Every structure is written in structure tokens, then in C-alpha cells.
Student: 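This structure is in C-alpha cells; I'll ask about it shortly.
Not measured: the values here are computed from a predicted model.
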Amino acid sequence: MKKILISHGDGGRMTHDLIQQFFLPHFKDPVLLEQSDAAIISVQTPYAAVSTDSFVIQPLEFPGGDIGKLAVAGTVNDLAVSGAKPAFLTFGFILEEGLEMSVLQRVVHSLAVTAAKAGVRIIAGDTKVVEKGSCGGMIINTTGIGYMEKPNRIAMRNINHGDVIVINGGIAEHAVAILAERAGLEFSPILLSDCCTLNGVVDQLLDQFKTIRFMRDPSRGGIATSMKEIAEHTGMDMVIEEKRIPLRSDVQGALEMMGMDPLYMANEGKVLIFVAEEEAAALVQCLKSIPGYETASEIGRVKEGTGRVLLQTVIGGTRELDRMSGSPLPRIC
């Protein structure tokens, strides 16, 4: 079967056809269908949270997701862990000449389905076609807008020494899925990315547990880099127990084979939660009762200190963790 490719020849006509044939059939929000120069929306609260991101992952499609699903999940999760209720999304697509139309069709469908499941509206967008070799097939830029009832409830400054650090499941699953796909490695069962939206579970936790201080989506740089950023900002030490960090054996084995440290690997469906000690155990049990989060765990504590991240290793030693250095995983999220 002949592949139908995106052409850069007639930019204006091509963009118009792409919008009509590929985007509008999936994005049916009445605000978007107006096709005006600006989306007019009703703001329901005096506080709005805004997040913007760009997604440049390779490959565009991977086990457990694709760049469309990733773009929705990444933006929705950034809003959710900030304490906002994601409401609106905008998308800018940079498409490379020669991209297969079937790939675009699948990505757009995936993006629309993921947004609908997350309960967010796609209200504006843009499409550009660039010369072959310019962007690795496709880049998606997003802006997310959410409503926030209590703008100061979730903040790093709320973290206290003695707080417990919780994670909702196994780490490094997104990174290992991408790495295995790139390397052509086959595992049984297939290693799937953890890419998913978190706003539903985050809403549930915030309603039930009033002492949640702060949350962070540990995407690029993994939990080690996220912890280091928080430690430096607060001036307190994060003491992590290696044996408590959930890590699937197949993920660990694959990363050992590739010489990668799971603590620095990207996650796209995980959240670090800082909560008061008195609610930590109940929060973990709540997470464990939710399908997909059965391995949720307390992984550490906040201590008075000087902004360090200290890993208590399984062999009884202590290792200080710093930020990820260099770019071992380009184009992964």
C-alpha cells in the first residue's frame, strides 16, 4: 500500500487541508470550531494556573503511548500536581515534510481520546509544515489552563521537616519503554510506558488528605533530579530509602542491561507527594486501592539540613544524589 506523506509544497493549502481532514473531525469543541483568531472562554475562578510545554520525543509512537497522548498527559499532570483542575488545552503542531499521514491520524486520535478521558477541552491550535529533516517528524507545543480554588495550598514553601515522601508507583517505566524501542530490544512481556493523566487521582487525594504540602511530576531527570530541585529550593535534606522505591524487576533488569540508573530515568505517570506524617500511611493505602497504583510507597522523609538528597542504599551505605548531568536521553518527553 502506498504511503501518503505530508508535503511542504503548498504550505497554505496543505495546512488548511490538514486542519479540515485531520484535526477538526477529532477536536469538536464549539470554541475551537469557531476557528477565530482567539478562543473566548468563561473563567470560573479568580485564580488560573497556566502551563506550557513542548514535546519532541523519538520515536513518535512507543509501547504504551505516542507523542499525542504524552502531550496531553504531560501538560495535564503539570497543572494537576500544582493543585489546579485542568480545564483547557491548546496545541501547536510542527509537522515535517514526509511524515506519514497515517501516523498523524493516529497521533491526533490518541491526543483527542486522552484529553476527553481527562475531562479537558481543546480550545485552540495551530499547524505548521516544515522542510524534511527539520524536526524529527513532529513536535507538539501545548498550553494548559486550569482552575485553582486555593492558590497557596500546594507549594514548596509548605514542606516541613518530618514530612513523608510518597510515590504512586514504579519508577523509570517511561524511559525504559523508549530506550528499548530505540534499541530494537524485545522483552516479554513488552515494557510499556507509564504515560497517563493523573488529574483524577490527584483530585481524589487532595479532597481526602488535607496535609498534602507539595507534589511534583518527576518526568525528565527522574526522581533524583526532582528531589534535588526541591531540596535546593527548601534548604532541607531529602532522605530516601532505596529499598522502598518501587521498581519492577523487568524494568530494573532492562536498565541494568543498558547501564542506566533508574533514579534518573523519566516518568510520565508518577507523582511525588509530600505529606504530613500523620496522614502518610492512609494516603499510601488509598493509592494502593486504586487500580494501577498497587505499588505506591513511602520512600523517604524530609529532614533539617542543607539541601542534599541522601539515598540510604540497600547495602547499608549512604549515597548523595545530584541533578542529572548531560543529556543521556534526548528527545524522550
Student: Search all heavy atoms of Ala175 against all heavy atoms of Met265 and return the closest pair with its distance.
Tutor: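 For Ala175 and Met265, the tightest heavy-atom pair comes out as CB-CB, 3.5 Å.
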Student: With heavy-atom distances below 4.5 Å as the criterion, would you say the side chains of Ile171 and Ile245 are in contact?
Tutor: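 Yes, side chains in contact.
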Student: Apply ring pair (Phe, Tyr, Trp, His ring centres under 6.0 Å) to Phe62 and list each qualifying residue two or more places apart in sequence or on a separate chain.
Tutor: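 Testing Phe62 for ring pair (Phe, Tyr, Trp, His ring centres under 6.0 Å), a comparison that skips the adjacent residues, returns His174.
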Student: The criterion is side chain to side chain contact (heavy atoms under 4.5 Å, CB included); which residues satisfy it with Cys196, sequence neighbours excluded?
Tutor: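 Side chain to side chain contact (heavy atoms under 4.5 Å, CB included) check on Cys196 returns Leu198, Tyr293.
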Student: The test is side-chain contact (heavy atoms from CB on, under 4.5 Å); show your working for Ile223 and Arg216 and say whether it passes.
Tutor: CA-CA 9 Å; Ile223 66 169; Arg216 171 58 61 87; over 6 Å; no
Student: List the residues meeting side chain to side chain contact (heavy atoms under 4.5 Å, CB included) with Glu298, not counting sequence neighbours, and say none if there are none.
Tutor: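 Side chain to side chain contact (heavy atoms under 4.5 Å, CB included) check on Glu298 returns Val164, Val166, Arg244, Ala280, Ala281, Val284, Arg301.
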Student: Check for a donor-acceptor pair, side chain of Glu268 on one end and backbone N or O of Cys195 on the other, with a separation under 3.5 Å.
Tutor: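 Side chain of Glu268 to backbone of Cys195, a donor-acceptor pair under 3.5 Å: no, none is there.
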Student: Are Phe88 and Met148 joined in one hydrophobic group, where the rule is that I, L, V, M, F, W and Y side chains link up if heavy atoms are under 4.5 Å apart?
Tutor: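 Unlinked, Phe88 and Met148 end up in two clusters.
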Student: Any donor-acceptor pair under 3.5 Å linking the side-chain atoms of Asn158 with those of Arg153?
Tutor: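 There is no such pair between these side chains.
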Student: Glu232 versus Lys228: any side-chain heavy-atom pair under 4.5 Å?
Tutor: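 SC-SC contact between Glu232 and Lys228 confirmed.
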Student: With rounding to the nearest 0.5 Å, note down the distance linking CD1 in Ile212 to CG in Leu283.
Tutor: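 Taking CD1 in Ile212 and CG in Leu283, the distance rounds to 5.0 Å.
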Student: Evaluate the side-chain proximity of His233 to Arg157: yes if any heavy-atom separation is below 4.5 Å, no if none is.
Tutor: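 SC-SC contact between Arg157 and His233 ruled out.
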Student: Can you give me the closest heavy-atom contact between Leu247 and Pro262, atom names plus distance?
Tutor: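 Closest heavy-atom pair between Leu247 and Pro262: CD2-CG, 3.9 Å.
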Student: In Å, rounded to the nearest 0.5 Å, how long is the span from CE of Met215 to CG of Asp78?
Tutor: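 Output value for this atom pair is 11.5 Å.
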Student: Work out which heavy atom in Gly170 is nearest to a heavy atom in Asn267; give both atom names and the distance.
Tutor: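 Residues Gly170 and Asn267, closest heavy atoms: O-OD1, 4.4 Å.
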Student: In chain order, what residues pass the side chain to side chain contact (heavy atoms under 4.5 Å, CB included) check against Ile190, with sequence neighbours excluded?
Tutor: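 Partners of Ile190 under the side chain to side chain contact (heavy atoms under 4.5 Å, CB included) test: Pro63, Leu192.
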Student: Looking at CD1 of Ile240 and CD of Glu242, how far apart are the two atoms once the value is rounded to the nearest 0.5 Å?
Tutor: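 It is 11.0 Å, given to the nearest 0.5 Å.
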Student: Report the residues that fulfil side chain to side chain contact (heavy atoms under 4.5 Å, CB included) with Asp203, sequence neighbours left out, ordered by chain and then residue number.
Tutor: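 Counting only residues at least two positions away or on another chain, Asp203 forms a side chain to side chain contact (heavy atoms under 4.5 Å, CB included) with Lys85.
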Student: If you define the side chain from C-beta out and look only at heavy atoms, does anything of Val130 sit under 4.5 Å from Leu95?
Tutor: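 They are not in side-chain contact.
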Student: Could you tell me which non-hydrogen atom of Met227 sits nearest to which non-hydrogen atom of Ile165, and how far apart they are?
Tutor: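 Closest approach of Met227 to Ile165: CE-CG2, 3.3 Å.
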Student: Can you tell me which residue pairs pass the ring pair (Phe, Tyr, Trp, His ring centres under 6.0 Å) test with a partner in residues 194-221, sequence neighbours excluded?
Tutor: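 Those involving residues 194-221 do not exist here.
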Student: Under a 4.5 Å cut-off applied to non-hydrogen side-chain atoms, are Arg121 and Leu89 in contact?
Tutor: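 Answer no - side chains too far apart.
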Student: Nearest 0.5 Å please: distance from the OG1 atom of Thr225 over to the OH atom of Tyr264.
Tutor: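 It comes to 6.0 Å.
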Student: Within the 4.5 Å heavy-atom criterion, are Ile67 and Ile139 side-chain neighbours or not?
Tutor: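 When only atoms from C-beta onward are counted, Ile139 and Ile67 do not touch, as no gap falls below 4.5 Å.
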Student: For residues 278-292, pull every pair meeting side-chain hydrogen bond (donor to acceptor under 3.5 Å, both in side chains), keeping only residues two or more places apart or in separate chains.
Tutor: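 Non-adjacent pairs meeting side-chain hydrogen bond (donor to acceptor under 3.5 Å, both in side chains): Thr211-Glu279.
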Student: Can you confirm whether Glu294 is buried at CD, in the sense that more than 12 heavy atoms of other residues, nucleotides or ligands lie under 6.0 Å from that atom?
Tutor: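 Enclosed: over 12 neighbouring heavy atoms sit under 6.0 Å from CD of Glu294.
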Student: Hey, mind stepping through Val271 and Ile167 against side-chain contact (heavy atoms from CB on, under 4.5 Å) and telling me if it holds?
Tutor: CA-CA 6 Å; Val271 56; Ile167 194 165; over 6 Å; no
Student: Is there a donor-acceptor pair closer than 3.5 Å between any side-chain N or O of Ser134 and the backbone N or O of Glu131?
Tutor: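 Pair found, side chain donor or acceptor close to backbone of Glu131.
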Student: Identify whether Phe274 and Leu206 are in the same connected component of the hydrophobic contact network (ILVMFWY, side-chain heavy atoms under 4.5 Å).
Tutor: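 Yes, same cluster.
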Student: Can you get from Val239 to Met236 by hopping between Ile, Leu, Val, Met, Phe, Trp and Tyr side chains that sit under 4.5 Å apart?
Tutor: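 Different clusters.
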Student: Are the side chains of Val201 and Ile290 in touch, meaning some heavy atoms are under 4.5 Å apart?
Tutor: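 Yes, at least one pair of side-chain atoms sits under 4.5 Å.
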Student: Does the side-chain contact (heavy atoms from CB on, under 4.5 Å) test come out yes or no for Leu272 and Ile299, once each step is laid out?
Tutor: CA-CA 9 Å; Leu272 293 168; Ile299 63 171; 4.0 Å; yes
Student: State whether the side chain of Lys69 and the backbone N or O of Thr197 hold a donor-acceptor pair below 3.5 Å, judged by distance alone.
Tutor: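 Looks like no, no N/O pair under 3.5 Å.
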Student: Gln58 side chain to Gly136 main-chain N or O, any donor-acceptor pair under 3.5 Å?
Tutor: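 Checked: pair present.
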Student: Check residues 107-118 and write down every donor-acceptor pair under 3.5 Å in which the side-chain atom is one partner and the other belongs to a residue at least two apart or another chain.
Tutor:
residue	atom	partner	partner atom	Å
Ser110	OG	Asp66	OD1	3.2
Ser110	OG	Asp66	OD2	2.9
Thr114	OG1	Ser110	O	2.8

Student: Please check if the number of heavy atoms outside Lys210 that lie under 6.0 Å from its NZ is greater than 12.
Tutor: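 For Lys210, atom NZ is crowded (more than 12 foreign heavy atoms under 6.0 Å).
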Student: For residues Pro86 and Ala80, report the shortest heavy-atom separation together with the two atoms involved.
Tutor: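 Shortest heavy-atom separation between Pro86 and Ala80 comes out as CG-N, 4.2 Å.
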Student: Show every side-chain hydrogen bond (donor to acceptor under 3.5 Å, both in side chains) that has at least one partner inside residues 159-170, sequence neighbours left out.
Tutor: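 Every side-chain hydrogen bond (donor to acceptor under 3.5 Å, both in side chains) pair that includes a residue of residues 159-170, provided the two are not neighbours, is His161-Glu304, Asp163-Arg213.
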Student: For Phe91, what residues pass the ring pair (Phe, Tyr, Trp, His ring centres under 6.0 Å) criterion, not counting sequence neighbours?
Tutor: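 Result, ring pair (Phe, Tyr, Trp, His ring centres under 6.0 Å) vs Phe91: none returned.
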Student: Report all side-chain donor-acceptor pairs from residues 140-147 shorter than 3.5 Å, counting only partners two or more places apart or in another chain.
Tutor:
residue	atom	partner	partner atom	Å
Asn141	ND2	Asp53	O	3.0
Asn141	ND2	Ser54	OG	2.9
Thr142	OG1	Asp53	O	3.4
Thr142	OG1	Thr75	OG1	2.6
Tyr147	OH	Ser42	O	2.8

Student: Output the distance between atom CE (Met238) and atom OG (Ser226), rounded to the nearest 0.5 Å.
Tutor: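 Answer rounded to 0.5 Å: 11.5 Å.
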Student: Please list, one pair per line, the donor and acceptor atoms closer than 3.5 Å that link side chains of residues 308-321 to other protein atoms, with sequence neighbours excluded.
Tutor:
residue	atom	partner	partner atom	Å
Arg308	NE	Asp237	OD2	3.3
Arg308	NH2	Asp237	OD2	2.8
Thr313	OG1	Gly317	N	3.0
Thr313	OG1	Gly317	O	3.3
Arg319	NH2	Asp261	OD2	2.7

Student: Would a distance-only check, ignoring hydrogens and angles, find a side-chain to backbone donor-acceptor pair under 3.5 Å from Glu173 to Asp194?
Tutor: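 Not confirmed, Glu173 side chain does not pair with Asp194 backbone.
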Student: Report the distance from atom CD1 of Ile94 to atom CG of Asp126, rounding to the nearest 0.5 Å.
Tutor: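 Answer rounded to 0.5 Å: 7.0 Å.
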Student: Using the rule that two of Ile, Leu, Val, Met, Phe, Trp, Tyr join whenever any of their side-chain heavy atoms come within less than 4.5 Å, decide whether Ile154 and Tyr47 are in one cluster.
Tutor: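 Different clusters: Ile154 never reaches Tyr47 through Ile, Leu, Val, Met, Phe, Trp or Tyr contacts under 4.5 Å.
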Student: Determine whether Phe93 and Met138 make a side-chain contact, defined as any pair of heavy atoms from C-beta on separated by less than 4.5 Å.
Tutor: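 Result yes, sub-4.5 Å side-chain heavy-atom pair found.
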Student: Which pair of non-hydrogen atoms, one from Ala254 and one from Phe187, has the smallest distance, and what is that distance?
Tutor: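 Where Ala254 meets Phe187 most closely, the heavy atoms are CB-CZ, 3.7 Å.
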Student: Verify side-chain contact (heavy atoms from CB on, under 4.5 Å) between Leu79 and Ser51, making sure each step is shown before the conclusion.
Tutor: CA-CA 7 Å; Leu79 291 170; Ser51 180; 3.9 Å; yes
